[in-house]
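Report on one structure; see the data block that follows.
This is a predicted model, so every value here is computed, not measured. First the proteins, then the strands, lettered A, B, ... as listed; each starts at 1.
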2 protein chains.
Amino acid sequence: MVKLSIVERRSSVDAVVDQLRQGVIHGHMQPGERITEMELSAALGIGRSTVRTALLELEKDELVVRKPYSAWAVADISPIKIWEIYTLRGALEELAIKLATESLTEEGRAKLAEAFDLLDKVQRKGLTEQRTDADLNFHRTIVQLSNHKKLIKTYESLLLQVEWVYRWSERQRPTSIHLSDWHRPIYDGILSGDPAAAVAANLNNYAVTLELDKQQATVAEETGL
Amino acid sequence: MVKLSIVERRSSVDAVVDQLRQGVIHGHMQPGERITEMELSAALGIGRSTVRTALLELEKDELVVRKPYSAWAVADISPIKIWEIYTLRGALEELAIKLATESLTEEGRAKLAEAFDLLDKVQRKGLTEQRTDADLNFHRTIVQLSNHKKLIKTYESLLLQVEWVYRWSERQRPTSIHLSDWHRPIYDGILSGDPAAAVAANLNNYAVTLELDKQQATVAEETGL
DNA sequence: CGATGATCGATTGTTGACAATCGACGATTC
DNA sequence: GAATCGTCGATTGTCAACAATCGATCATCG
């Protein structure tokens, strides 16, 4: 018998959720920008309740915020929020790395290698967007290897915010980190059965990133913006 | 001027969410039990959309599951799920302990001491329910001390599931752990500025708990249930 | 008798109408 | 002129009707 996959039936709200999510993440809507249900309803040719349900969904991922009886708005970005996202991310990935290392299969090695190779490929020739994709994909792959459903679910939700601020930062000031060099210690740590090393490298990466952001912010402030 | 607190305006949805949450967590509804929107709507004398929105909210915390076009049901409990909840909880609390230790204030020490004292109080004379309350309260307090909004939010959501399986386990077989002894190493670690010790003690506690659960399950199976 | 297909009741998915609430603006008062 | 209050438009909150979908049941056919 042929191997079949379930036809995915997407409800209207799912479609709207996807569309809005992409809009926020890719910066087609500005942080803090106001959203009204009616407007979206009219623009998308879809019922207001449906739009509403979709917005409630996005609210869970903290991509939009709700002000009862007043309005919706795209969430805004602040240094504190970025710090929170990165530290939380680090904690989740720490657990993922430990679990992934413990139960790494041949198939898992292959997937991880593929994700790492992609980093190298886009490093040599790849646009900003593709570099971001590959980077996020590498981390996502590690978490998937943990085989921990709840962890994966929590992480995927957080990763939406990560992607959001990541793309936002890249638009402001593209980073020049060498993707595969940057991630190699993590990759090596997992493959060699040394989760502690991988975790340390990962957390250090984030600490460095946050430090760079901080300096950037200071410079920006001093120069008058 | 008198110190005022904002009048909390609870929407109908919030009220329903609370009620359903309590129902699930305190075991008034069995795991796997089917829920229909209409039934709740009629029982609570409230519109179906409102019920629906509330259920979507509970779905986020994974207390209920949705089967599109079919029905809602109270989530079910499995050993794997319990393991996932405890490991994820450990990872989040690990971050919380580190942050709380770093930035512990005098006020924080007081809150922590209060939470710890409560453990001792209910240890000496307290019903199962109160013991559970005090236990969860101690962990919650630590996370609050982290001052990490996203972490707190994520943890609170998970803690609902923790509370749910905790009360569920307690109803099946009340534990006899000595609450303050059990948590003292964590408490001491944080107060003495030794997060690593606190984290280790905490993770060890969960490992022991899971191991006990496992043995219990094995025994139960061997004896025919 | 087993497998396939049609029918139907039950339940969720979607929608537009109506109610409740908020915030801004202007009128009023001192 | 400044502070307060009332009014009103805009927006979300709630609801009940209608549409889409699913799963069980039963008829049909080989």
So which protein N/O to nucleotides 24-26 of chain D N/O distances come out below 3.5 Å?
none

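Residue pairs meeting the ring pair (Phe, Tyr, Trp, His ring centres under 6.0 Å) criterion with at least one partner in residues 149-172 of chain B, sequence neighbours excluded, do not occur; the list is empty. Listed by first and then second residue, the side-chain hydrogen bond (donor to acceptor under 3.5 Å, both in side chains) pairs that reach into residues 23-33 of chain A are A:Gln22-A:His26, sequence neighbours excluded. Counting only residues at least two apart or on different chains, the ring pair (Phe, Tyr, Trp, His ring centres under 6.0 Å) pairs with a member in residues 84-104 of chain B are B:Tyr86-B:Tyr206.
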Worksheet, complete the sentence: With sugar-phosphate taken as primed atoms, P, OP1 and OP2 and all else as base, the protein-contact string of nucleotides 8-13 of chain C at under 4.0 Å (heavy atoms; B, S, -) is ---SBB
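Considering only residues two or more places apart in sequence or on other chains, A:Arg140 meets the salt bridge (Lys or Arg N to Asp or Glu O under 4.0 Å) condition with A:Glu156. Residues forming a salt bridge (Lys or Arg N to Asp or Glu O under 4.0 Å) with A:Arg131 (at least two apart in sequence, or on another chain): none. Under the salt bridge (Lys or Arg N to Asp or Glu O under 4.0 Å) criterion, A:Arg21 pairs with A:Asp18, A:Asp61, not counting sequence neighbours. Residues that satisfy the ring-ring contact (aromatic ring centres under 6.0 Å, His included) test with B:His148, not counting sequence neighbours, are A:Trp83.
B:Thr50 comes within contact range of the sugar-phosphate backbone alone, with a heavy-atom separation under 4.0 Å but no base atom that close.
Salt-bridge formation is detected for the pair B:Glu107/B:Lys111: a Lys NZ or Arg NE/NH1/NH2 atom is positioned less than 4.0 Å from an Asp or Glu carboxylate oxygen.
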